S.K.: 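Quick one: structure below, then a few questions.
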Amino acid sequence: MNYSIVENGDKIIVKTNDFDPIHIFECGQCFRWNREEDFSFIGVAFGKILNVKKEDNCIIFSNTNLDEFNDIWFKYFDLGRDYSKIKKKLSKDPILKEAVNFGSGIRILNQDPFETLISFIISANNGIPRIKKSIELICKRYGDCIGEYNGKKYYSFPTPEVLSKVSMDELRECSVGFRDRYIYSAANMVANGEIDIYNLKYLSINGARDTLMKFPGVGPKVSDCIMLFSMEKHGAFPIDVWVKRVMEYFYLKEDTSLKKIQVYGQEKFKNLAGFAQQYLFYYARELGIGK
DNA sequence: GGGCAGGTCTAAG
DNA sequence: CTTAGACCTGCC
């Protein structure tokens with residue numbers, strides 16, 4: 001991809017056109033980034049606090065340094081991938097062309113698999129504000145305080161070992177509702193080595209999906225989110241209500257089962273299905289398509 | 001108060 | 001294998 005990186009104090013400045021914090025953090029893939037008054041975003045990932053701001057075609061990463069940027073954020077923001085190329089390919093489809101144009105700064109983050117597993121278990125039949133609230137409570141109560149930024153303390157996501165020792169009653173206090181037993185089981189299955197979530201990325205997409213669905217509370221949609229947002233399985237095609245609506249509205253023209261939409265999407269977009277899903281999701285939700 | 005929100009589980013055809 | 005109903009919780 002076409003970009004340059006400059007270090008300046010605690011800031012790293014990257015020039016690129018395929019990066020918009022609003023698109024990236026509000027396209028449904030992550031829950032720990034919050035918009036500030038100056039339209040920058042502050043978030044935590046891999047135990048570090050970062051501020052991200054866009055000014056013209058420059059992206060300014062604050063509260064970091066070049067080593068940390070290379071170790072963590074380059075991969076996290078998928079900066080080694082050429083999104084112009086992906087967008088060009090997808091834009092051959094007239095509907096995707098609109099969606100890509102609308103969310104032109106979307107990038108698919110490379111998040112931590114365990115955090116992504118628990119976060120998307122919480123997301124089931126839930127709303128974004130409450131998902132975020134639950135995750136923050138879990139981090140505050142069971143994660144480590146990793147420092148202060150602008151006078152506010154930030155906390156890491158707890159490890160499988162720590163979370164596996166949290167009781168279901170304590171989880172309920174984080175307002176996760178009926179998902180308490182799912183989180184409890186999932187954390188224990190990871191902590192006791194029953195499922196090696198950190199090596200699932202080496203399996204095929206179907207192999208990884210079958211394994212992920214052994215976790216209680218993980219069905220087809222959640223498993224595909226985990227694969228797409230933390231395992232670089234870009235052939236995954238998670239279908240939530242918005243993707244169902246937009247697919248029926250533009251392509252299928254009738255009420256269609258989730259299973260059929262998933263097969264349709266994967267066959268139509270192939271190894272770019274996950275990217276297509278993100279552009280379509282953002283487009284549909286922001287514009288309220290099909291509601 | 002009943003409905004709804006980034007689905008999944010369960011029980012039944 | 002496909003399809004209804006229930007489900008925590010908190011804000012309309």
Side-chain angles (χ1 to χ4, degrees), chain A residues 22-34 99 103 106 108-109 111 113 115-138 141 166-187 189 195 206 209-231 233 236-249 252 254-265 273-291:
Chain A
I22 294 173
H23 297 167
I24 291 171
F25 298 130
E26 295 183 354
C27 70
Q29 59 180 326
C30 56
F31 302 103
R32 298 208 65 197
W33 292 87
N34 295 303
I106 288 176
I108 295 183
L109 301 171
Q111 303 180 69
E115 177 175 339
T116 308
L117 166 70
I118 301 299
S119 297
F120 279 89
I121 285 176
I122 294 171
S123 80
N125 192 28
N126 210 341
I128 295 172
R130 279 213 11 258
I131 298 167
K132 293 179 78 166
K133 184 190 162 195
S134 290
I135 293 172
E136 286 317 307
L137 278 171
I138 288 172
R141 292 177 64 155
V166 175
S167 71
M168 289 198 267
D169 285 339
E170 290 174 298
L171 288 168
R172 271 291 166 112
E173 292 170 16
C174 302
S175 44
V176 297
F178 61 87
R179 307 164 194 83
D180 57 353
R181 62 192 181 91
Y182 301 155
I183 298 169
Y184 181 83
S185 299
M189 288 165 76
I195 293 179
N206 290 324
R209 183 184 289 124
D210 289 345
T211 308
L212 284 168
M213 284 178 61
K214 289 179 181 166
F215 287 113
V218 177
K221 189 270 178 183
V222 169
S223 70
D224 275 36
C225 284
I226 298 165
M227 288 195 290
L228 185 57
F229 305 139
S230 73
M231 297 176 184
K233 295 292 181 198
F237 194 71
I239 300 163
D240 52 67
V241 286
W242 288 107
V243 175
K244 178 168 159 51
R245 285 171 187 156
V246 75
M247 290 299 287
E248 288 172 347
Y249 185 81
L252 298 152
E254 61 181 351
D255 190 37
T256 311
S257 73
L258 294 170
K259 183 75 189 164
K260 283 180 182 166
I261 300 176
Q262 176 160 63
V263 171
Y264 182 92
F275 298 101
Q277 190 270 3
Q278 283 307 98
Y279 293 116
L280 287 170
F281 171 82
Y282 185 68
Y283 186 60
R285 197 189 59 185
E286 294 298 308
L287 269 48
I289 287 169
K291 192 169 181 181

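In this text, all values refer to a predicted model and were calculated from it rather than measured experimentally. Lettering follows sequence order; numbering is per chain, from 1.
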S.K.: Among B:dG6, C:dT9, B:dT8, which nucleotide has an atom closest to any side-chain atom of A:F281?
M.R.: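 From the listed options, B:dG6 comes nearest.
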S.K.: Taking only Lys NZ, Arg NE, NH1 and NH2, and the carboxylate oxygens of Asp or Glu, determine whether A:K132 and A:E136 approach each other closer than 4.0 Å.
M.R.: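 Salt bridge between A:K132 and A:E136, a charged N being under 4.0 Å from a carboxylate O: no.
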S.K.: How long is the span from the CZ atom in A:R130 to the CD1 atom in A:I135, to the nearest 0.5 Å?
M.R.: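 CD1 of A:I135 is found 12.0 Å from CZ of A:R130.
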S.K.: May I have the distance from A:F178 (atom CZ) to B:dC4 (atom C1'), rounded to whole angstrom?
M.R.: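 Interatomic distance, CZ of A:F178 to C1' of B:dC4: 13 Å.
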S.K.: Give the rounded distance in Å between these two atoms: CG of A:D224 and P of B:dG7.
M.R.: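 Taking CG of A:D224 and P of B:dG7, I get 14 Å after rounding.
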S.K.: Give the dot-bracket string for DNA chain C, reading 5' to 3', where a pair is Watson-Crick or G-U wobble with both distances under 3.5 Å, ( ) marks pairs inside the strand, [ ] marks pairs crossing earlier ones, | marks a partner on another strand, and . marks unpaired.
M.R.: |||||||.||||
S.K.: Nearest of C:dT3, C:dC7, B:dT8 to any side-chain atom of A:S257?
M.R.: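 So the side chain of A:S257 is nearest to C:dT3.
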S.K.: Judged by modelled atom types alone, do A:Q277 and A:D224 share a side-chain donor-acceptor pair under 3.5 Å?
M.R.: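 Per modelled atom types, A:Q277 and A:D224 side chains form no pair under 3.5 Å.
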S.K.: Between atom CG in A:N125 and atom C1' in C:dC8, what is the gap in whole Å?
M.R.: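 Taking atom C1' of C:dC8 as the reference, CG of A:N125 is at 9 Å.
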S.K.: Provide the closest heavy-atom pair for A:S175 versus A:L137 in the form atom of the first, atom of the second, distance.
M.R.: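 Residues A:S175 and A:L137, closest heavy atoms: OG-CD1, 4.2 Å.
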S.K.: Rounded to whole angstrom, note down the P distance from B:dT8 over to C:dC11.
M.R.: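 So the two P atoms sit 25 Å from each other.
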S.K.: Base, sugar-phosphate, or nothing: which does A:P216 touch, judged by heavy atoms less than 4.0 Å apart?
M.R.: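 Sugar-phosphate contact only - A:P216 comes under 4.0 Å of backbone atoms but never of a base.
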S.K.: So, does A:K244 use its side chain to make a donor-acceptor pair with the main chain of A:T256 at under 3.5 Å?
M.R.: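 Yes, because the side chain of A:K244 sits within donor-acceptor range (under 3.5 Å) of the backbone of A:T256.
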S.K.: Counting only heavy atoms not in A:Y249, do more than 12 sit closer than 6.0 Å to its OH atom?
M.R.: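 12 or below, so no.
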S.K.: Calculate the interatomic distance between A:K260 atom NZ and C:dT3 atom P; express it in whole Å.
M.R.: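 It works out to 7 Å between those atoms.
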S.K.: Once you round it to whole Å, what is the distance between C1' of B:dA5 and NZ of A:K133?
M.R.: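 It is 15 Å, rounded to the nearest whole Å.
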S.K.: Take atom CZ of A:R130 and atom C1' of B:dC4, then tell me their distance rounded to the nearest Å.
M.R.: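 In whole Å, B:dC4 C1' and A:R130 CZ are 11 Å from each other.
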S.K.: For B:dG6 and C:dT3, measure between their P atoms and round to the nearest Å.
M.R.: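 Rounded to whole Å, the distance is 23 Å.
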S.K.: I'd like to know if A:R285 pairs up with A:E26 as an ion pair, taking the criterion as any Lys NZ or Arg NE/NH1/NH2 lying under 4.0 Å from an Asp or Glu carboxylate oxygen.
M.R.: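 No, A:R285 and A:E26 are not salt-bridged.
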S.K.: Identify which nucleotide among B:dG6, B:dT8, C:dC8 has an atom closest to any side-chain atom of A:R285, counting heavy atoms from C-beta outward.
M.R.: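 The closest nucleotide is B:dG6.
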S.K.: Please compare A:R245 and A:M213 by the position of their nearest nucleotide in DNA chain B and report the one closer to 5'.
M.R.: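 The residue mapped nearer the 5' terminus is A:R245.
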S.K.: Whole Å only: how far is the CH2 atom of A:W242 from the C1' atom of B:dG7?
M.R.: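 These atoms are roughly 16 Å apart.
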S.K.: For A:V243, which contact category applies under a 4.0 Å heavy-atom criterion: base, sugar-phosphate, or nothing?
M.R.: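 Contact class for A:V243: none.
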S.K.: Just call it for A:G219: base, sugar-phosphate, or nothing, with non-hydrogen atoms closer than 4.0 Å on any strand.
M.R.: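 The residue A:G219 makes sugar-phosphate contact but no base contact.
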S.K.: Would you mind classifying the nucleic acid contact of A:I128 as base, sugar-phosphate or nothing, using non-hydrogen atoms under 4.0 angstrom?
M.R.: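 It contacts base atoms.
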S.K.: Strictly under 6.0 Å, is that where the ring centroids of A:F120 and A:F31 end up?
M.R.: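 Yes, they do, as the ring centres are separated by less than 6.0 Å.
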S.K.: With a non-hydrogen cut-off below 4.0 angstrom, is A:P220 in contact with a base, only sugar-phosphate, or nothing?
M.R.: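 Sugar-phosphate, backbone atoms only, no base.
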S.K.: Which value, in whole Å, describes the distance between the P atoms of nucleotides C:dG5 and B:dC4?
M.R.: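 After rounding to an integer number of Å, I get 14 Å for this pair.
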S.K.: Taking only the P atom of each, what is the distance from C:dG10 to B:dC9 in whole angstrom?
M.R.: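 My reading of the P atoms in C:dG10 and B:dC9 gives 23 Å.
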S.K.: OH of A:Y184 versus C1' of B:dT8: gap in Å, rounded?
M.R.: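 Checked: the OH to C1' distance equals 21 Å.
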